[in-house]
Chemist: 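Encoded as structure tokens, here's the structure I'll be asking about.
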Amino acid sequence: MNAVNELARARELLAAHPVVDGHNDLPWALRQTVGYDLDRRDVTADQTGHLHTDLPRMRAGGVGAQFWSVYVRTDMAGDDAVSATLEQIDVVRQMVDRYPGELRLALTADDMEAARAEGRIASLMGAEGGHSINNSLATLRALHQLGVRYMTLTHNDNVAWADSATDEPAAGGLTRFGEEVVREMNRIGMLVDLSHVSADTMRDALRVSEAPVIFSHSSARAVCDHPRNIPDDVLASLAANGGVAMATFVPKFVLPAAIEWTLAADENMRAHGFHHLDTTAEAMKVQRAYEDGHPRPVATASTVADHLDHMREVAGVDHIGIGGDYDGTAFTPADLPDVSGYPNLIAELLRRGWSDTDLAKLTWQNAVRVLRAAEDASRTLSAVRGPSIATLQQLDG
């Protein structure tokens with residue numbers, strides 16, 4: 001099969017089994033660039049040059065379901081973080097209401113299947129970082145009522161009850177309250193997302209969780225030794241848990257040569273007064289100027305496929321997925337530049353001998369199964385225990 005035929009075959013496969021992408025930061029990009037003014041950034045039109053994401057390119061990429069990240073930065077704390085998370089949820093709901101022919105709000109696995117049958121993109125939400133609940137299980141439940149279907153336990157900084165992958169260890173994993181957060185997420189049917197957390201937090205959450213977990217956008221540490229990636233012992237434990245690890249495309253997490261370059265580029269951003277995650281036009285001018293003088297190591301679909309090959313070998317084909325992190329990263333792989341690029345990855349996997357059955361699991365079936373399993377666990381657990389009213393002070397002192 002030549003490259004043209006492989007790409008055509010990839011598109012056929014995605015028409016039947018579209019991508020469920022675990023993580024896209026379009027809501028934050030809309031906040032940063034246009035203050036949530038959807039008239040100024042109409043995603044029914046091509047937004048190349050402004051965003052990685054718009055509806056035409058999602059269609060071209062074969063996306064059938066998207067977990068929209070309702071992320072807020074960790075320098076927002078307390079009730080400010082909660083309010084900003086609510087604003088993020090609000091813009092997702094605005095998009096769904098604004099484009100009903102293209103998007104359908106999905107709260108369940110059945111909703112995902114119904115959206116696919118209707119030819120619409122299932123729109124789910126994931127909160128990125130436990131700071132979004134301000135140490136409150138009632139707030140956690142409120143986010144679930146508003147439609148949030150996973151929560152990443154931390155972002156780049158620790159929370160009071162869980163260690164992040166990119167902060168100094170403080171709790172040694174999960175505290176007692178952190179374990180209670182996981183149990184309450186299981187009870188209400190919210191997926192526990194272990195991207196961004198430390199390896200010890202991963203292991204603690206897998207020990208405590210009574211439902212499958214996810215990694216919404218993390219790759220294999222054995223292939224690229226970055227703390228944001230998943231160690232092999234954790235990948236191997238996913239089979240018993242039933243969870244899914246969704247490989248990300250972020251170059252600094254998938255390409256070893258990109259790690260040191262990114263650290264230096266991030267320091268340059270801070271030296272120019274920008275947050276290192278800032279992707280506004282002004283910030284990107286600084287990034288591009290740095291890149292001109294310091295050529296950037298470039299990842300490709302093959303780089304990501306190396307991770308997926310390894311993750312399939314260690315975790316099993318039933319426990320892998322895709323989480324691109326579009327609009328949450330300044331740089332993307334050369335042939336995965338935006339949400340239109342998924343067929344290039346599927347074509348690369350076809351070249352490596354992946355079967356149609358394996359690819360259907362990777363793109364659609366595994367993610368749908370995991371959400372359904374979380375719903376099943378919720379029904380069982382909520383029948384035997386009510387809402388937790390535990391507090392951080394009660395459990396952790």
Side-chain angles (χ1 to χ4, degrees), residues 23 25 28 69-85 88 126-140 143 148 150-186 190-209 213-219 221 225-231 233-234 245 248 250 252-253 259 262-263 266-267 270 275-278 323 325 328-329 388 390-397:
H23 196 88
D25 276 298
W28 185 259
S69 176
V70 292
Y71 155 79
V72 301
R73 280 183 3 197
T74 55
D75 54 5
M76 293 179 174
D79 288 344
D80 288 343
V82 177
S83 295
T85 303
Q88 292 279 90
E128 189 176 15
H131 58 295
S132 290
I133 64 169
N134 192 20
N135 304 325
S136 164
L137 295 178
T139 302
L140 174 73
L143 294 187
V148 174
Y150 75 65
M151 185 175 74
T152 321
L153 298 186
T154 73
H155 190 244
N156 287 339
D157 299 308
N158 297 339
V159 293
W161 41 269
D163 284 345
S164 167
T166 48
D167 200 350
E168 291 298 318
L174 289 176
T175 68
R176 289 180 62 206
F177 184 76
E179 293 181 356
E180 189 72 358
V181 171
V182 169
R183 283 190 287 266
E184 188 65 359
M185 291 175 72
N186 293 161
M190 186 185 286
L191 288 162
V192 175
D193 177 21
L194 300 179
S195 286
H196 279 287
V197 307
S198 73
D200 284 338
T201 303
M202 296 175 193
R203 297 177 185 119
D204 281 354
L206 282 160
R207 171 178 54 80
V208 172
S209 185
V213 304
I214 66 166
F215 292 81
S216 66
H217 57 309
S218 295
S219 293
R221 195 174 297 190
D225 189 14
H226 192 287
R228 271 282 284 104
N229 287 332
I230 313 168
D233 69 292
V234 176
T248 192
V250 178
K252 66 181 176 181
F253 302 151
I259 297 175
T262 304
L263 290 172
D266 288 351
E267 186 58 37
R270 286 187 284 267
H275 191 282
H276 68 280
L277 296 177
D278 195 334
D325 201 11
T329 178
S388 174
T391 67
L392 179 72
Q393 185 175 15
Q394 287 171 345
L395 295 183
D396 293 346

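The chain is numbered in sequence order, starting from 1. Keep in mind the model is a prediction, meaning the values are calculated, not measured.
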Chemist: What residues form a side-chain contact (heavy atoms from CB on, under 4.5 Å) with Asp396, not counting sequence neighbours?
Modeler: Trp161, Thr175, Arg176, Phe177, Leu392
Chemist: Which atom names give the shortest non-hydrogen contact between Ser388 and Leu137, and what distance separates them?
Modeler: OG-CD1, 3.3 Å
Chemist: Work out which heavy atom in Gly173 is nearest to a heavy atom in Asp204; give both atom names and the distance.
Modeler: CA-OD2, 3.5 Å
Chemist: To the nearest 0.5 Å, what is the distance between CD1 on Ile133 and CD on Glu184?
Modeler: 9.5 Å
Chemist: Determine whether Val182 and Val213 make a side-chain contact, defined as any pair of heavy atoms from C-beta on separated by less than 4.5 Å.
Modeler: no
Chemist: Hey, are the side chains of Leu191 and Met185 touching, using non-hydrogen atoms and a 4.5 Å cut-off?
Modeler: no
Chemist: State, to 0.1 Å, how close Tyr150 and Val148 come at their nearest heavy-atom pair, and which atoms those are.
Modeler: O-CG1, 3.1 Å
Chemist: How long is the span from the OG atom in Ser195 to the CG atom in Asp325, to the nearest 0.5 Å?
Modeler: 9.0 Å
Chemist: To the nearest 0.5 Å, what is the distance between CG on Leu174 and OG1 on Thr201?
Modeler: 5.5 Å
Chemist: Just by distance, no angles: are the side chains of Asn186 and Ser209 close enough, under 3.5 Å, to form a donor-acceptor pair?
Modeler: yes
Chemist: How many angstroms lie between CG in Leu140 and CE in Met190, if you round to the nearest 0.5 Å?
Modeler: 4.5 Å
Chemist: So which atom in Val70 and which in Ala127 form the shortest heavy-atom distance, rounded to 0.1 Å?
Modeler: CG2-CA, 3.6 Å
Chemist: Rounded to the nearest 0.5 Å, what's the gap from CZ on Arg228 to CZ on Arg221? Could you check?
Modeler: 10.0 Å
Chemist: Taking it one step at a time, do Thr74 and Thr154 satisfy side-chain contact (heavy atoms from CB on, under 4.5 Å)?
Modeler: CA-CA 9 Å; Thr74 55; Thr154 73; over 6 Å; no
Chemist: Quick one: does Gln88's side chain have a donor or acceptor within less than 3.5 Å of a partner on Tyr71's backbone?
Modeler: yes
Chemist: Is it the case that the side chain of Asn229 and the backbone of Phe253 share a donor-acceptor pair, with hydrogens and angles ignored and the cut-off at 3.5 Å?
Modeler: yes
Chemist: Is a donor from one side chain sitting under 3.5 angstrom from an acceptor on the other, for His155 and Asp157?
Modeler: no
Chemist: Do any N or O atoms from the side chain of Thr248 and from the backbone of Ser219 form a donor-acceptor pair under 3.5 angstrom?
Modeler: no
Chemist: Between the side chains of Asn134 and Thr139, does any donor sit under 3.5 Å from an acceptor?
Modeler: no
Chemist: Write down the atom of Gly130, the atom of Val159, and the distance for their closest heavy-atom approach.
Modeler: C-CG1, 4.0 Å
Chemist: Side chains of Met202 and Pro231: does their closest heavy-atom pair fall under 4.5 Å?
Modeler: yes
Chemist: Output, in order, the C-alpha distance, side-chain angles, deciding distance and verdict of side-chain contact (heavy atoms from CB on, under 4.5 Å) for Val192 and Leu194.
Modeler: CA-CA 6 Å; Val192 175; Leu194 300 179; 3.7 Å; yes
Chemist: Tell me, with the steps shown, if Thr85 and Met76 meet side-chain contact (heavy atoms from CB on, under 4.5 Å).
Modeler: CA-CA 10 Å; Thr85 303; Met76 293 179 174; over 6 Å; no
Chemist: Would you mind telling me which of His23, His226, His131, His217 makes a ring-ring contact (aromatic ring centres under 6.0 Å, His included) with His196?
Modeler: His217
Chemist: Has Ser164 got a side-chain atom pairing as donor or acceptor with Asn156's backbone, closer than 3.5 angstrom?
Modeler: yes
Chemist: So, Asp163 side chain and Ala171 main chain: donor-acceptor pair closer than 3.5 Å or not?
Modeler: yes
Chemist: Out of curiosity, Thr329 OG1 to Lys252 NZ, how far, rounded to the nearest 0.5 Å?
Modeler: 6.5 Å
Chemist: If you look at every heavy atom in Ala245 and Ile230, which pair is closest and at what distance?
Modeler: CB-CD1, 3.6 Å
Chemist: Listed by chain and number, what are the side-chain contact (heavy atoms from CB on, under 4.5 Å) partners of Ser83, not counting sequence neighbours?
Modeler: none
